[in-house]
2 protein chains.
Amino acid sequence: MRLKDDAKVEAIFNATIELTGEVGLNRLTMSAIATRAKIASGTLYIYFNGKEQLLNNLYKRLISEGTLSLLPAITHLPIKQQIFNIWSSVLKFRMDNTSEVAFMHEFRYSPLISDKAKEMDKEFVLHVLRLLNEGKKELIVKDLDNDVLFPLLYGYVDNLARHLTHKKIKLTPEIVRQTFQVCWDAIKA
Amino acid sequence: MRLKDDAKVEAIFNATIELTGEVGLNRLTMSAIATRAKIASGTLYIYFNGKEQLLNNLYKRLISEGTLSLLPAITHLPIKQQIFNIWSSVLKFRMDNTSEVAFMHEFRYSPLISDKAKEMDKEFVLHVLRLLNEGKKELIVKDLDNDVLFPLLYGYVDNLARHLTHKKIKLTPEIVRQTFQVCWDAIKA
DNA sequence: TTTATAAGTGAATTATAATTCACTTATTTG
DNA sequence: CAAATAAGTGAATTATAATTCACTTATAAA
């Protein structure tokens, strides 16, 4: 018997990301994915039950690469330092993987997304919320509800990366520094 | 002869907004729109050339309601006050019109959007950028590039409104105050 | 080697949804 | 009121894209 080919899954995922960037989720077709991945359309159904499953699997994979793997291993640094590290790596990831991020964004707000996929980044969010809470305990972060603080960090990084990418502005250490300063001023006590 | 019926356009727009919220742009069909608007599918094509035109027209209408009309008439207030007024009205608009905002968001990042529609909010953005520039001149706003400052305001309001809506948190004057304070601390010199 | 099994194929099928059009109806205007 | 014109209808058509399946190939295991 023959075994499934990991390289094919990669090719399928890459094709999906590329095509979504080019034509969007709406006009993304299974046959286009197959052609781009250099396989037959039927083969897609050997690897995935259908379009939704394919997209959800890709999304879950990207979320784990784009969030969990960015959490720093070292957790004994000062809070501000830890938040800076996360800010910096998330911003860098989003600037370095624009097609992937575009896919994630479009998919996240589409009705194709499954509940399970939606929950994938929960662990990452929880980590940041814990940091904010510790910061409040140490009196270095504003004593405001996380529902008010978290959207600032998330909304800013999301929009900033999109904006810089759109205007073809390269991410420099200076920009990382400046934007973190803006963030920190926003949330610091 | 018979005249076109403005109320029908309204019904079509409302149906489109509702349905997009329920099933998303992907599964939004012309027949569903027609049924919901209580008209025949063919009638849609009397009012619009097709799906793209319908969606783009709706988007343009919503943008002008959701941005330009929110710009304050009075322009002689202090910069900080003006920014607060805009912050407050944009946040309120976004919390009060969640279906419309969801449509706008999904459509904006879809490939169906026309270049002209994309430019609709330019005037609004320019107004805010002018305010930021004046703030810098008065030394009350950080002397950073607008490419760094603007995404904070836009990203935060966008994400905050979505987050509060999702968690069914009502917008109180206290939240408006707190979130503006966060913003202002972020951008103030 | 052989063979059993599952991957791989892509034309054909099926499903879905956009759009058209021959016809009916309402309303304006002379 | 009658005629003209454009709105309004929805079944039929057309377009598009998901999915299937009878068949071919590759390869792991005997």
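Being a predicted model, the structure only gives us computed values, none of them experimental. Excluded from the calculations below are hydrogen atoms, water molecules and symmetry mates; all remaining heavy atoms, backbone and side chain alike, are included. Naming convention: chains lettered A, B, ... in sequence-line order (proteins, then strands); numbering from 1 in each chain.
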Whole angstrom is fine here: how far is it from [atom1] in [X] over to [atom2] in [N]?
X	N	atom1	atom2	result
A:Ile33	D:dT19	CD1	C1'	13 Å
A:Glu52	D:dT19	CD	P	8 Å
A:Ile46	C:dT5	CD1	C1'	13 Å

* To do: Output all residues satisfying side chain to side chain donor-acceptor pair (under 3.5 Å) with A:Glu138, sequence neighbours left out; order by chain, then residue number.
  => none
* Using a cut-off of strictly less than 4.0 Å, decide whether B:Lys8 has a side-chain nitrogen or oxygen near OP1 or OP2 of D:dA7. => no
I'd like to check the salt bridge (charged side-chain N to carboxylate O under 4.0 Å, His left out) partners of [X]; sequence neighbours left out, ordered by chain and number.
X	value
B:Glu123	none
B:Lys142	A:Asp185
B:Lys118	none
B:Glu119	B:Lys122

* Nucleotide-resolved protein contact map, nucleotides 22-30 of chain C, B/S/- at heavy-atom distance under 4.0 Å -> ---BBBB--
* Structure fact -> B/S/- along nucleotides 13-18 of chain D (protein heavy atoms under 4.0 Å) is ----SS
* To do: Could you tell me which residues satisfy ring pair (Phe, Tyr, Trp, His ring centres under 6.0 Å) with A:Phe13, sequence neighbours excluded, listed by chain and number?
  =>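 Here the qualifying residues are A:Phe48.
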* For B:Tyr109, all residues meeting ring pair (Phe, Tyr, Trp, His ring centres under 6.0 Å), sequence neighbours excluded -> A:His105, B:His105
* To do: Give one of base, sugar-phosphate or nothing for B:Phe48, where a contact means two heavy atoms less than 4.0 Å apart.
  =>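 The answer is nothing, as B:Phe48 stays clear of every strand by at least 4.0 Å.
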* Asked: In residues 36-44 of chain A, which ones come under 4.0 Å of DNA chain C, going by heavy atoms?
  ->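 Contacts with DNA chain C under 4.0 Å: A:Ile39, A:Ala40, A:Ser41, A:Gly42, A:Thr43.
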* List the steps, then state whether side chain to side chain donor-acceptor pair (under 3.5 Å) holds for B:Asn85 with B:Lys80. => CA-CA 9 Å; B:Asn85 287 345; B:Lys80 184 176 171 183; over 6 Å; no
* Are the side chains of A:Thr172 and A:Ile175 in touch, meaning some heavy atoms are under 4.5 Å apart? -> yes
* To do: Sequence neighbours left out, what passes side-chain contact (heavy atoms from CB on, under 4.5 Å) with B:Lys8? Give chain and number order.
  => B:Asp5, B:Ile39, B:Thr43, B:Tyr47
* **Qualifying ring pair (Phe, Tyr, Trp, His ring centres under 6.0 Å) pairs with a residue from residues 151-177 of chain B, counting only residues at least two apart or across chains** => B:Trp87-B:Tyr156
